[in-house]
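Naming: A, B, ... by sequence-line order, numbering from 1 per chain. A quick note: this is a predicted structure, and the numbers were derived from the prediction, not measured.
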Amino acid sequence: MTQNLFEEEPLPYVAPELMAPGAVLLRGFAGAVDAALLEAVAQVIAAAPLRHLVTPGGYTMTVAMSNCGALGWTSSRSGYRYTSTDPLSGQPWPPMPGCFADLALRAAAEAGFNDFRPDACLINRYEPGARLSLHQDRDESDLSAPIVSVSLGLPAVFLFGGTRRTDRPTRYQLVHGDVAVWGGPSRLAYHGVAPLAEGEHPRLGRQRINLTFRCAA
DNA sequence: AAGTATCC
DNA sequence: TAAT
């Protein structure tokens, strides 16, 4: 029997899978708390709407983004930056929901990174066709802390490469409930997401939501 | 610079 | 690789 990527129930978490030194895939790790996460996502994006940011090169990103936590990542013609307020509203980003902080802490520990207390959570919404080309997360001042990335909704192909742009990335299918963690020697690994395939998720419909936790300050 | 065109 |  082949794996059904559109199961109503998330697949159970089993064991960590190594992608690279310091980089771990926790398949199904967030499945047990997915309902709480989705409710919290809805509250955050009601206060800080998803929006398509513009890159310094002047192109509009296909992924729609928002943030919660003390700091939020944004891009504009003038560069990438972390800010304590939402440029759209002038108000502080919504606080980090307790279920977000708790999941991020537990996932990091499972991957071998103890005491992970992120101050920033970037929320990415992919609709079919949306992608994120290969890049590094390097705008954070604390590179000793890992990145924790939670997948919800439609499946995606995650591209995970090395610390040089020319390193050929490995492709991983990420489904609802999967959590990827990378830090230490993989903290500056290039990564991205292939164009999202069409599909319909029982809970989220035609979209994928990704939560990315960082220590930015 | 997390996107794209263009070249090889 | 541009060019920001």
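- In this structure, A:Y190 has its ring center at least 6.0 angstrom away from the ring center of A:W182.
- Here B:dA2 presents its P atom at 17 Å from CG of A:N210, a figure rounded to the nearest Å.
- A side-chain N or O of A:Y82 and one of A:R214 form a donor-acceptor pair less than 3.5 Å apart.
- Contact annotation: the side chain of A:H176 approaches that of A:R203 to within less than 4.5 Å [non-hydrogen atoms, C-beta and beyond].
- By the 6.0 Å contact criterion, CZ on A:R51 is enclosed, its count of non-hydrogen atoms from other residues, nucleotides or ligands being greater than 12.
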Which dot-bracket notation, 5' to 3', represents the base pairing of DNA chain B when pairs are defined as Watson-Crick or G-U with both distances under 3.5 Å, crossing pairs as [ ], and inter-strand pairs as |? ...||...
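- Counting atom types as modelled, A:D139 pairs a side-chain N or O with a base atom of B:dA2 as donor and acceptor under 3.5 Å.
- Put simply, CG on A:N124 is 14 Å from P on B:dA2, counting in whole angstrom units.
- Using a 4.0 Å heavy-atom criterion, one finds that A:R165 contacts the sugar-phosphate atoms exclusively.
- In this structure, A:S141 contributes its side chain and A:A216 its backbone to a donor-acceptor pair below 3.5 Å.
- Rounding to whole angstrom units, CD of residue A:Q136 and P of B:dA1 are separated by 10 Å.
- Here B:dA2 presents its C1' atom at 5 Å from NE2 of A:H135, a figure rounded to the nearest Å.
- Here the P atom of nucleotide B:dA2 and the OH atom of A:Y190 are 8 Å apart, to the nearest Å.
- A straight line from CZ of A:R138 to P of B:dA1 spans 7 Å, rounded to a whole angstrom.
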Atom pairs, N/O to N/O, protein against nucleotides 2-4 of chain C, distance under 3.5 Å?
none

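- Under the 4.0 Å criterion applied to side-chain N and carboxylate O atoms, A:R27 and A:E17 are assigned as salt-bridge partners.
- Atoms CE (A:M61) and P (B:dT4) sit 10 Å apart, rounded to a whole Å.
- Applying the 4.0 Å criterion to OP1 and OP2 of B:dG3, one finds that A:S133 has a side-chain N or O inside that range.
- Looking at A:R206 and A:E198, a side-chain N of the basic residue comes within less than 4.0 Å of a carboxylate O on the acidic one, giving a salt bridge.
- One can place CZ of A:R131 at 8 Å from C1' of B:dG3, the figure rounded to the nearest angstrom.
- Under the 30°/60° scheme for interplanar angles, the aromatic rings of A:W73 and A:Y80 are found to be tilted.
- In this structure A:S78 satisfies the side-chain contact (heavy atoms from CB on, under 4.5 Å) test together with A:S76, A:R81, sequence neighbours excluded.
- Within 4.0 Å of A:T55, counting heavy atoms only, lie sugar-phosphate atoms of the nucleic acid but no base atom.
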